[in-house]
Each structure stands twice: as structure tokens, then as C-alpha cells.
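The structure appears below as C-alpha cells.
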Amino acid sequence: MADVATVTEVLPERATLLDRKLSSSRSRTGVLVFLLAMAVSLGYIIFHVARDLNSAAVPSVAPYLMLALALFIALGFEFVNGFHDTANAVATVIYTHSLEPNIAVVWSGLCNLAGVLFSSGTVAFAVITLLPVELILQVSSGAGFAMVFALLIAAILWNLGTWWFGLPASSSHTMVGSIIGVGLANQLLNPHARTSGVDWAQAIKVLKALLISPLMGFIVAGLLILLAKALIRIPELYKVPKNEEPPPLPVRALLVLTCTGVSFFHGSNDGQKGMGLIMLILIGTVPTAYALNHAISPAEMQSFIAASEQAGRILDRHVDPKGVLGSDAREEVTDYIRTKQLQPDTILALRELVEDLDHEVALYKEFKNVPPRDQANVRNDMYVASEAIRLMDKAHNPAFTPDERAALMNYKVKVDKATKFIPDWVKVAVALALGLGTMVGWKRIVVTVGERIGKEHLTYAQGACAELVAMGTIMAADNFGLPVSTTHILSSGVAGTMAANGSGLRLKTVRNIAAGWIFTLPAAALLSGSLYWIFRHLA
């Protein structure tokens, strides 16, 4: 990896220009705008956290200290993610002279911030479903905190290591690998207990997205540059930039637009990975404030009650006559989530959970009225009911009719709204961490993407094609609720345009990027699993 080790190791013919551009003074206007946004964001975060904690009325100071430590580490992951991954979005506009480096970085940071704020949260909870179910339900326990700290610290360490070598590795791969490591370690530490490890069906779905997206980036970007050559007969598009001259205005606008899109959707997709973990932290430390969504209106509560009653009637039709309800309905349903095996008492236990939740919601009228001691229990009942319905729908077992499936999924949506929510201040905190990270450590990765993948300098068309493909792929993944790697999509897109254009590839760099792609997941898994083992023995 020595060939991507430092910013100053550039090709001799480019060294003077790039060293000067990359070390130029920051845009004062851009920095002032970002500092203003940071000040407003910090004020917003402090106000809302103070309000939430005040309403929680936690008698001890210990949960607050644990919350502060866990949030510091979680936001640290997003900070590292910002300067590690966002560099990919600005590499093409810098190397085509469409924007000055520091203007590009500030702009990308602001776009990341916007992407996080407008994100749906779907990706956040898709990542969370990879975790062992009992650790999610007992996140306030020692094992739950060991899980969160282990996977976050492992992800930070691996990202910092790959950044140090200027290697475009994937924060998404790192996070998924860390989760897999914790799941496996959890199972190995309790070989004779009914503990779950990794939800391999969900993990394979996520890994497929992480595997296919860079291949799509390489192929589609290569085809796009060939198509552009055939249809767009503008010679300047396919030439290497001369000195510091910016491209023609339409080309420059396209490159800035694609940089904006990649930055926005990077924030929308990658920013969510930390959000789900932050929500687990909040639920574990201050469940009275964050276990249930207190913002749900009375009208929505009535809709929830109606959907609950309908779901209960549907499940009642499919109860196995041989089923015998045990002492703990939630444990029976949780066992189904662990094993994916439908037992005679599974539907009976699920119906019991649904009916109990219906009665509790009808009794308290609003989630904020649920007694503090019961908030976490109600949330856990809702979580396992939702997951069980998701798995049953996926397995088509039992055989619900289309109308029954639609009604159950409608109930699941309403349950998820009560439990899978992200407060606006969390989005602002993640956006701020990503944006700050973008402004700090971007240079190493930019040099690798901009000039060490191909043997020739990026042309305008190559930069635009790689960015267009990255933007489209991340946007599609965001809509499907799948985590993907901005790093791998864009770097493979650049490689695809180089190969299709006959520009040649620097095989040593490509091998290093491929090695990072292959080894990130097992290395992060080993690191997080080891940390989880250490933390469990310290707890």
C-alpha cells in the first residue's frame, strides 16, 4: 500500500500544480458559512437534548455519563466517515479544475449535511436488524453496551487505518463487518444458551448490495463513457484539463451537479448507519425519553388501535390448535426470530403480544403517558412483533391471503413508526459530524481516486460519468433501504472509465483497493468480535 501512502507522493509532472492546489488556503466565505451552520446546529442539539432529558427525569447521573460517552464514540464514527468517504465526491471536481479544492470540500460538507437531514431512516434500521435480537432488546445491559462500543470502536479503528494509507475503503463494509463480528462473538460466548448470532439472510441481502454496487459502477461508468463518445461530439470533453483552466461552463455545471448529488446521497445513505446505533444508545441509556415515539398524534394512536384489532383477528384465524401459550409470549416470539422456525405456539404468542399492545395503547391514549418503568417493555414487545411479521411475510409461512398480508404489513408500519424513529436533533448531530469530518482529512483519499487509479489524468467526461453512476446507484440504494459504499462505487466508476477509454489502470493501486474491499469485512469482524469479548469480560 506504499504507493497510496501520502499526499505528496504524486506523479512528477503533476506534483507542482497539485501540491499547490491541495495546500491552498481555505475559502474564508465557505468556512464562515460552515461555522455559522455548526453554531446553529449545536444550539439546536443542546436545546432538544436538554428538553428530552428533563422530561425523562432520570434520578441518577450515571445514565447521562454513559450517554455522553456513547454519543461521543458514535459521532466519532460519523466524523471519520466524513473525511474518509466524502473525499470521493470531491475528487473529480478537483482534478478537472471545476472547483477549487477547499471550496469543493466546504460545498460537499454542506451537501452531506442536507442529505442527512432529509434521510428517511430506512437504511439505519436495515443495518440494525443484522444485530442479535436479544442484544437489541437488552441494549441497556452490559452486553448491550459492549456490543455498541465494540462495533463502533472497531469501525473507527479500521477506517483510520485505511485512511492513513490513503486507501479508499468502505465505511459500509466496515460497519457490516463489525456487526457480524459482534454477532458471531455473542454466539460463541454463549454456546449452550439460546442466543442468536448473525441474521445471515439479512446479512447476505446487505452484502449483495455491497458486492454488486461497485461492479455496477465499473461496468456502467465504462459503458457511459463509450456512449458519450458515440453521441456527444465535443472534443474538449475527452481531453485532459490544461493547467488550471476550468472546463466549459456546461461541463463544469454538470460536474458540480454530480458532486452535489454524490455528496447529498452519501449523507442520506452513509449518515444513517450511525443513526440506528445512536438510537440504540438513547434507548439503552434514557428509555423513558426515547424508547417510544412521543410525537405520534392522538389520531395516529386511534389508527394504531384499529390496525391492532384487525391484526389480532387475522392471527386468531391462523392459530395452531396444538399451540399452548407459555409464560412469556415475547420470549416465544423472540425464539422464532432467532431460529426462523415456526412452532405451534408462535402465532398464539404473537397474537397475545398484539392484543396486549392494543390494550396498553388504548389504556394510555398516548405513548408519552406509558409509565416510565413500562416504556422499554412496550417498545420491546413492539419490536419483536414487527420483526416476526416481517419474517413471516418473507417466508410466506403461515399462508396469509393477500388481504391479510396487506393488513398485517399495515400494522407493522404503524408499529415501526412508534419504535423506529429518529429525532431531528440526532440527524443534525450526525450531519454536523459528517460535515466536520469532510473538512478535515480528505486529501489522502482524493489523491488516490484522482490520479492513482488510472495511468492518465481524469478527463471531464470520465469525471462526469463516474459521478453520475455513483449518484444514481446511491440514490437507488437509498430508496430500497440498502447500505452501499460511496467509496467503492466511485473508485470503481473511475476505473471503469479508464479501462473503457483505454487510459490504462495502475494495477498496484487497483490491487490495493481490491484487497481493502476483500479484507475489510473479515478484519472488521475479527476486531469487533475481539473487542466485544474484552468488553463482556470487563462488564
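Residue numbers run from 1 in the order of the sequence given. Heavy atoms only: backbone and side chains are in, while hydrogens, waters and symmetry mates are out.
Shortest non-hydrogen contact noted between A74 and I278 is CB-CG1, 3.6 Å. Across all their heavy atoms, I156 and G76 have their closest contact at CD1-C, 3.9 Å. Considering every non-hydrogen atom in both S178 and S528, the closest pair reads O-OG, 2.7 Å. Taking every heavy atom of both residues into account, I283 and A291 meet most closely at CG1-CA, 4.1 Å. R379 approaches I136 most closely through the heavy-atom pair NH1-O, 3.5 Å. Across V182 and A150, no two heavy atoms sit closer than the pair CG2-CB, 4.2 Å.
Residues M301 and F367 are in side-chain contact: their nearest non-hydrogen atoms beyond the backbone lie under 4.5 Å apart. Side-chain contact between F421 and D416: absent, with no pair of heavy atoms (C-beta onward) separated by less than 4.5 Å. Under the 4.5 Å side-chain criterion, counting only non-hydrogen atoms from C-beta, D335 is not in contact with Q341. Side chains of E78 and N112 form no contact here, defined as non-hydrogen atoms less than 4.5 Å apart. Between D393 and L408 there is no side-chain heavy-atom pair separated by less than 4.5 Å. Taking 4.5 Å as the limit, every side-chain heavy atom of L432 sits out of range of all side-chain heavy atoms of L75. Using a 4.5 Å cut-off on side-chain heavy atoms (C-beta onward), M279 and P423 make contact. Residues L282 and L67 are in side-chain contact: their nearest non-hydrogen atoms beyond the backbone lie under 4.5 Å apart.
The side-chain contact (heavy atoms from CB on, under 4.5 Å) test with M147 is passed by exactly one of L277, N186, L280: L280. Of the options T346, D316, D356, a side chain to side chain donor-acceptor pair (under 3.5 Å) to R351 is made by D316 and by none of the others.
Counting non-hydrogen atoms of neighbouring residues, nucleotides and ligands closer than 6.0 angstrom, the CE atom of M216 reaches no more than 12 such neighbours. Summarising the local packing, CZ of F519 is surrounded by 12 or fewer heavy atoms from other residues, nucleotides or ligands at distances under 6.0 Å.
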Report the C-alpha distance between L151 and M175 in whole Å, list the side-chain angles of each, state the deciding distance to 0.1 Å, and finish with yes or no for side chain to side chain contact (heavy atoms under 4.5 Å, CB included). CA-CA 7 Å; L151 63 90; M175 179 57 71; 3.6 Å; yes
Residues F125, I422; criterion side chain to side chain contact (heavy atoms under 4.5 Å, CB included); working and verdict: CA-CA 10 Å; F125 295 108; I422 298 173; 4.1 Å; yes
Can you list the steps and then say if V370 with E360 is a side chain to side chain contact (heavy atoms under 4.5 Å, CB included)? CA-CA 8 Å; V370 175; E360 287 181 291; 5.9 Å; no
Any chance you could lay out the side chain to side chain contact (heavy atoms under 4.5 Å, CB included) test for Q310 and Y411, step after step, and finish with the verdict? CA-CA 8 Å; Q310 187 179 18; Y411 172 71; over 6 Å; no
Between K420 and E387, does a salt bridge (charged side-chain N to carboxylate O under 4.0 Å, His left out) hold up when you go through it step by step? CA-CA 12 Å; K420 297 180 179 180; E387 281 298 289; 3.5 Å; yes
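Using modelled atom types, one finds a donor on one side chain and an acceptor on the other under 3.5 Å when comparing H318 with E404. Counting only N and O atoms by type, the side chains of S119 and S268 include no donor and acceptor under 3.5 Å apart. The closest side-chain donor-acceptor pair between D424 and H48, if any, does not fall under 3.5 angstrom.
Distance CG/L348 to CG/L353: 10.5 Å, rounded to 0.5 Å. The structure places CD1 of I347 at 6.0 Å from CG of L315, a figure rounded to the nearest 0.5 Å. Atom CD1 of I179 sits about 11.0 Å away from atom OG1 of T174, to the nearest 0.5 Å. In this structure, L526 CG and L521 CG are separated by 11.5 Å, a value rounded to the nearest 0.5 Å. Taking CZ from F47 and OH from Y44, the interatomic distance works out to 9.0 Å, rounded to the nearest 0.5 Å. Residue T285 holds its OG1 atom at 8.5 Å from OH of Y290, rounded to the nearest 0.5 Å.
Side chain of S492 to main chain of I489: a donor-acceptor pair is present (N/O by atom type, distance under 3.5 Å, no hydrogens or angles). A donor-acceptor contact shorter than 3.5 Å is absent between the side chain of H396 and the backbone of M392. Judged by distance alone, the side chain of D358 and the main-chain N or O of S308 form no donor-acceptor pair under 3.5 Å. For the pair D328 (side chain) and E331 (backbone), a donor-acceptor distance under 3.5 Å is present. In this structure, T258 contributes its side chain and L254 its backbone to a donor-acceptor pair below 3.5 Å. The backbone N or O of V262 lies less than 3.5 Å from no partner atom in the side chain of E467, so there is not a single donor-acceptor pair. Judged purely by atom type and a 3.5 angstrom limit, T419 uses its side chain to pair as donor or acceptor with the backbone of V415. Using a distance-only test at 3.5 Å, with no hydrogens or angles considered, no donor-acceptor pair links the side chain of N410 to the main chain of A406. A side-chain donor-acceptor contact under 3.5 Å links N380 to the backbone of L137. Remark: the backbone N or O of A470 is not paired with any side-chain donor or acceptor of T473 at under 3.5 angstrom.
One finds no salt bridge joining K414 and E300 here, because no Lys/Arg side-chain nitrogen approaches an Asp/Glu carboxylate oxygen to under 4.0 Å.
A cation-pi arrangement is not found for R338 relative to Y336, the charged atom failing to lie both closer than 6.0 Å to the ring centre and inside a 45° cone about the ring normal.
Ring geometry, F264 versus F118: the interplanar angle falls from 30° to 60°, so the pair is classed tilted.
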